[in-house]
Amino acid sequence: MKILVTGGAGFIGSNFIRYILSKYPDYKIINLDKLTYAGNLENLADLEKNKSYRFVKGDICDQKLVDQIVGEGIDVIINFAAESHVDRSLYDPKVFMQTNVLGTQTLMESALKHKIKRFVQISTDEVYGSLKEDESPFTEESFLITNSPYSASKACSDLLVRAYQRTFDLPAIITRCCNNYGPYQFPEKLISLFITNALDDQELPIYGDGLYIRDWIYVEDHCKAVDFVLHKGEVGEIYNISSNVEKTNLEITHLILDCLKKPSSLIKHVKDRPAHDRRYALSAEKIRKKLGWEPEVSFEQGMKLTIDWYIKNKDWWQKVKSKEYLKYYERHYIRREKL
Ligand code: NAD
Ligand code: DAU
């Protein structure tokens with residue numbers, strides 16, 4: 001099978017490529033990635049000499065380039081490429097619409113032109129909006145009600161994928177996963193930021209009261225679920241992916257501090273994120289029952305693996321942080337105060 005993975009130099013895409021090539025060594029993967037601030041070729045340095053893997057630097061909005069790649073006999077497209085950080089979407093929404101919506105459309109046009117066998121759109125539980133504490137987890141039938149420009153852009157692309165599937169028979173499937181954590185996550189998201197800040201004895205900025213709830217999954221379990229969808233999923237369907245681990249941000253923060261033996265005085269309550277979704281929780285009954293996928297890594301195991309990885313890979317995240325992170329966070333916190 002020849003797969004075009006987009007956004008494969010990012011967090012989940014790089015974990016996915018490594019997982020697929022170790023499980024199916026005869027598959028061929030082309031990784032198309034623009035290498036934005038979040039894309040890092042070091043995430044896949046171990047695959048540089050692997051003959052089944054090829055990297056192409058480029059934008060998923062570039063129709064000519066995408067056509068050229070898909071025309072090389074691609075069987076399947078798996079679209080991980082996206083602007084993925086909610087906070088950034090508050091300050092610069094346009095690039096979210098460009099990549100997440102128009103980029104997806106560009107890929108689908110090539111997919112139709114070259115009659116590919118399957119198009120998997122990697123989406124998110126954020127398209128369902130926010131849940132109250134006593135409400136049942138979202139299912140694939142829940143309404144799409146978005147609150148941030150990021151989630152709105154992902155919902156737009158989901159609807160466009162649905163429209164291309166229904167109108168033009170694009171063999172598309174959508175997956176919607178909850179919050180991922182694990183190795184190679186850019187240190188701007190809660191768990192990767194807080195582990196690396198704590199290791200550096202820097203403040204951990206908790207938005208608002210810290211009682212916001214997210215549903216967490218270890219990244220390899222997400223990759224395995226996408227593998228199930230790729231091979232067994234039904235065209236036109238949507239599959240939620242979750243391991244049903246609901247935690248408040250403060251619970252996660254204390255776990256990180258305890259594991260690293262750091263003091264809780266590092267916690268700093270800062271101004272809340274605008275339109276901050278209170279709770280995400282996702283039912284994964286459909287993928288479990290229909291495709292037989294089950295998450296394998298408990299939250300405790302996953303957090304231990306993740307924290308150990310960041311301890312052992314200080315060079316990786318220190319380089320990433322010095323390149324982009326400080327520049328961004330200075331701007332970010334100045335602007336946050338004004339929102
Ligand atoms: P990430 O930000 O770590 O990586 C995104 C990758 O896409 C980067 O390598 C970047 O260079 C690339 N990219 C961005 N714009 C591009 C463009 N125009 N053309 C080509 N490449 C481009 O993101 P992630 O956390 O790995 O998320 C991957 C996907 O999974 C996204 O679609 C995201 O919406 C979705 N998702 C993420 C989570 C999560 O918790 N991180 C949960 C559910 C769904
Ligand atoms: O639910 C899936 C989504 O999870 C993905 O679609 C997104 O790509 C991914 O970024 C993530 O979005 P969140 O907004 O949930 O993730 P983030 O790590 O930014 O925030 C998680 C929670 O932690 C949220 O309640 C905000 C809070 N937070 C986050 C940061 C970065 C803080 O309190 N302080 C922080 O510094």
Side-chain angles (χ1 to χ4, degrees), residues 5-16 31-41 43-44 56-62 65-66 78-90 95-96 98-100 102-104 106-107 121-128 130 138 147-148 150-151 153-154 157-158 175-182 184-194 197 203-217 219 222 226 240-242 247-250 252-253 267-273 276-282 329 332-333 336:
V5 171
T6 69
F11 164 48
I12 305 172
S14 61
N15 278 284
F16 179 76
N31 171 16
L32 172 64
D33 196 297
K34 189 179 173 183
L35 297 183
T36 66
Y37 77 94
N40 184 351
L41 287 182
N43 297 1
L44 289 167
V56 177
K57 182 172 190 281
D59 193 326
I60 58 165
C61 301
D62 180 343
L65 175 65
V66 171
I78 308 182
N79 182 25
F80 288 93
E83 286 296 334
S84 69
H85 191 34
V86 172
D87 288 328
R88 287 178 187 258
S89 80
L90 308 175
V95 67
F96 283 73
Q98 275 161 346
T99 288
N100 300 1
L102 297 177
T104 301
T106 307
L107 293 170
Q121 172 69 1
I122 305 297
S123 187
T124 168
D125 60 359
E126 294 208 18
V127 297
Y128 299 123
S130 187
F138 294 118
N147 297 311
S148 73
Y150 164 70
S151 54
S153 71
K154 292 297 286 188
S157 46
D158 282 16
T175 64
R176 295 186 179 138
C177 191
C178 60
N179 284 59
N180 286 227
Y181 65 98
Y184 299 104
Q185 185 167 36
F186 189 86
E188 66 181 352
K189 312 280 166 65
L190 181 79
I191 290 182
S192 51
L193 176 70
F194 281 18
N197 276 14
E203 282 173 352
L204 313 186
I206 285 275
Y207 301 164
D209 62 8
L211 299 178
Y212 293 83
I213 293 170
R214 294 290 180 269
D215 187 347
W216 293 94
I217 189 169
V219 63
H222 182 186
V226 175
N240 287 345
I241 302 168
S242 151
K247 299 275 177 208
T248 67
N249 297 335
L250 273 174
I252 302 236
T253 307
I267 295 176
K268 187 181 178 207
H269 284 266
V270 298
K271 194 169 171 185
D272 211 347
R273 173 187 276 176
H276 195 169
D277 289 334
R278 190 64 173 170
R279 172 176 167 236
Y280 299 147
L282 202 57
Y329 269 88
H332 171 73
Y333 280 112
R336 165 176 288 282

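Because the structure is a prediction, the values reported are computed rather than measured. Note that ligands are numbered from 1 as they come in the structure, with each ligand's atoms numbered from 1 the same way. Values below: all heavy atoms of this structure, side chains included; hydrogens, waters and symmetry mates excluded.
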- Message: Are Tyr212 and Asp272 packed together at the side-chain level, in the sense that at least one heavy-atom pair is separated by less than 4.5 angstrom?
- Response: yes

- Query: Does the ring center of Phe11 lie less than 6.0 Å from the ring center of Phe186?
  - Reply: no

- Best match, Phe11, Tyr280, Tyr207: closest heavy atom to atom 32 (C) of ligand 2: Tyr207

- Note on the structure: ligand 2 to Thr124, heavy atom cutoff 4.0 Å, flagged ligand atoms 1 (O), 2 (C), 3 (C), 5 (C), 6 (O)

- Note on the structure: Quick note on ligand 2: atoms under 4.0 Å from a heavy atom of Pro205 include exactly 32 (C), 33 (O), 34 (N), 35 (C), 36 (O)

- If we ignore angles and hydrogens, is there a donor and acceptor under 3.5 Å between the side chains of Tyr184 and Asn40? no

- Query: What atoms of ligand 2 come closer than 4.0 angstrom to any heavy atom of Leu193?
  - Reply: 36 (O)

- Any side-chain heavy-atom pair of Thr104 and Asp158 under 4.5 Å: no

- Compare Asn179, Leu190, Thr248 and give the one whose heavy atom is closest to atom 16 (O) of ligand 2. Asn179

- Do the non-hydrogen side-chain atoms of Asp33 and Lys57 ever get within less than 4.5 Å of each other? no

- Option of least heavy-atom distance to atom 35 (C) of ligand 1 (set: Leu190, Ile122, Thr104): Ile122

- Query: Does any donor atom in the side chain of Arg88 or Tyr150 lie under 3.5 Å from an acceptor atom in the other side chain?
  - Reply: no

- Query: Is Glu188 close to Leu193 at the side-chain level, that is, under 4.5 Å between some pair of heavy atoms?
  - Reply: no

- salt_bridge(Arg278, Asp209) N-O dist < 4.0 Å: yes

- Which protein heavy atom lies closest to atom 21 (N) of ligand 1, and at what distance to 0.1 Å? Lys34 N, 3.0 Å

- Any N or O of Asp59 that comes nearer than 3.5 Å to an N or O of ligand 1? yes

- Query: Considering only heavy atoms of Lys189, which atoms of ligand 2 have at least one such atom less than 4.0 Å away?
  - Reply: 10 (O), 18 (O)

- Item | Proximal ligand 2 atoms for Tyr150, defined as those under 4.0 Å from one of its heavy atoms | 5 (C), 6 (O), 7 (C), 8 (O)

- Query: Would you call Tyr150 a ligand 1 contact, heavy-atom distance under 4.0 Å?
  - Reply: yes

- Message: Quick check on contacts: which atoms of ligand 1 are under 4.0 angstrom from a heavy atom of Leu35?
- Response: 11 (O)

- Within less than 4.0 angstrom of ligand 1, does Phe186 place any heavy atom? no

- Message: With no hydrogens and no angle check, just 3.5 Å: does a side-chain donor-acceptor pair link Asp87 and Tyr207?
- Response: yes

- Tightest non-hydrogen contact, residues Asn100 and Ser153, listed as ND2-OG, 3.0 Å

- Message: Can you tell me if Gly58 contacts ligand 1 (heavy atom of the residue under 4.0 Å from the ligand)?
- Response: yes

- Item | Within-4.5 Å side-chain heavy-atom neighbours: Ile60 and Thr106 | no

- Query: Going by the atom numbers of ligand 1, which of them fall below 4.0 Å from some non-hydrogen atom of Thr36?
  - Reply: 10 (C), 11 (O), 14 (C), 15 (N)

- What is the closest protein heavy atom to atom 19 (N) of ligand 1, and at what distance does it sit? Ile60 N, 3.0 Å

- Query: Which atoms of ligand 1 sit under 4.0 Å from any heavy atom of Ala81?
  - Reply: 7 (O), 21 (N), 22 (C)

- Note on the structure: Ranking Cys61, Ser84, Gly13 by closest non-hydrogen atom to atom 1 (P) of ligand 1, top hit is Ser84

- Query: In the protein, what heavy atom is nearest to atom 5 (C) of ligand 1, and what distance, to one decimal place, separates them?
  - Reply: Ala82 O, 3.5 Å

- Query: How far is atom 9 (O) of ligand 1 from its nearest protein heavy atom, and which residue and atom is that?
  - Reply: Asp33 OD2, 2.6 Å

- Query: For atom 15 (N) of ligand 1, what is the nearest protein heavy atom, given as residue, atom name and distance?
  - Reply: Thr99 CG2, 3.5 Å

- In this structure, which one of Val270, Thr253, Leu190 forms a side chain to side chain contact (heavy atoms under 4.5 Å, CB included) with Leu204? Thr253

- Task: For Tyr212, take its heavy atoms, then give the atoms of ligand 2 lying under 4.0 Å from any of them.
- Result: 25 (O)

- Task: Select the closest option to atom 36 (N) of ligand 1 among Thr6, Asn180, Leu102, Ile12, judged by heavy-atom distance.
- Result: Ile12

- Task: Heavy-atom contacts with Ile206 under 4.0 Å: which atoms of ligand 2 show up? List them by number with element.
- Result: 33 (O)

- Task: Please step through side chain to side chain donor-acceptor pair (under 3.5 Å) for the pair Ser242 and Asp125, ending with a clear verdict.
- Result: CA-CA 9 Å; Ser242 151; Asp125 60 359; over 6 Å; no

- Item | Numbering as shown, the atoms of ligand 1 that approach Cys177 to under 4.0 Å (heavy-atom distance) | 43 (C)

- Query: For atom 14 (O) of ligand 2, which of His269, Arg273, Gln185, His85 has the closest heavy atom?
  - Reply: Arg273

- Item | Taking every non-hydrogen atom, the tightest pair across Trp216 and Cys178 | C-SG, 4.1 Å

- Lys189 NZ to Phe194 CZ distance, which is reported to the nearest 0.5 Å: 14.0 Å

- Would you say Phe11 has any N or O atom under 3.5 Å from an N or O of ligand 1, going by distance alone? yes

- Message: Pair Thr99, Lys34 - check side chain to side chain donor-acceptor pair (under 3.5 Å), show working.
- Response: CA-CA 10 Å; Thr99 288; Lys34 189 179 173 183; 5.0 Å; no

- Task: Heavy-atom contacts with Asn179 under 4.0 Å: which atoms of ligand 1 show up? List them by number with element.
- Result: 40 (O)

- Item | Side chains of Val219 and Tyr181 in contact at under 4.5 Å (non-hydrogen atoms) | no

- Message: Quick check on contacts: which atoms of ligand 1 are under 4.0 angstrom from a heavy atom of Lys154?
- Response: 31 (C), 32 (O), 33 (C), 34 (O)

- Message: Within the structure, is a non-hydrogen atom of Cys178 found at a distance of less than 4.0 Å from ligand 1?
- Response: yes

- Please identify which atoms of ligand 1 are closer than 4.0 Å to at least one heavy atom of Ser123. 43 (C), 44 (C)

- Query: Yes or no on salt bridge (charged side-chain N to carboxylate O under 4.0 Å, His left out) for Asp215 and Lys247, after CA distance, side-chain angles and deciding distance?
  - Reply: CA-CA 7 Å; Asp215 187 347; Lys247 299 275 177 208; over 6 Å; no

- Query: So is Ser84 polar-close to ligand 2, meaning N/O to N/O under 3.5 Å?
  - Reply: yes

- Evaluate the side-chain proximity of Arg214 to Asn249: yes if any heavy-atom separation is below 4.5 Å, no if none is. yes

- Query: Which residue holds the protein heavy atom closest to atom 4 (O) of ligand 1, what is that atom called, and what is the gap in Å?
  - Reply: Gly10 CA, 3.4 Å

- Message: I need the atoms of ligand 1 closer than 4.0 Å to a non-hydrogen atom of Phe80, numbered in the order shown.
- Response: 28 (C), 29 (C), 31 (C), 32 (O)

- Run the numbers for me: atoms of ligand 2, each under 4.0 Å from some heavy atom of His276, listed by number. 24 (C), 25 (O), 26 (C)

- Is ligand 2 less than 4.0 angstrom away from at least one heavy atom of Glu188? yes

- Task: Taking Asn43 for its side chain and Ser14 for its backbone only, find out whether a donor-acceptor pair lies under 3.5 Å.
- Result: no

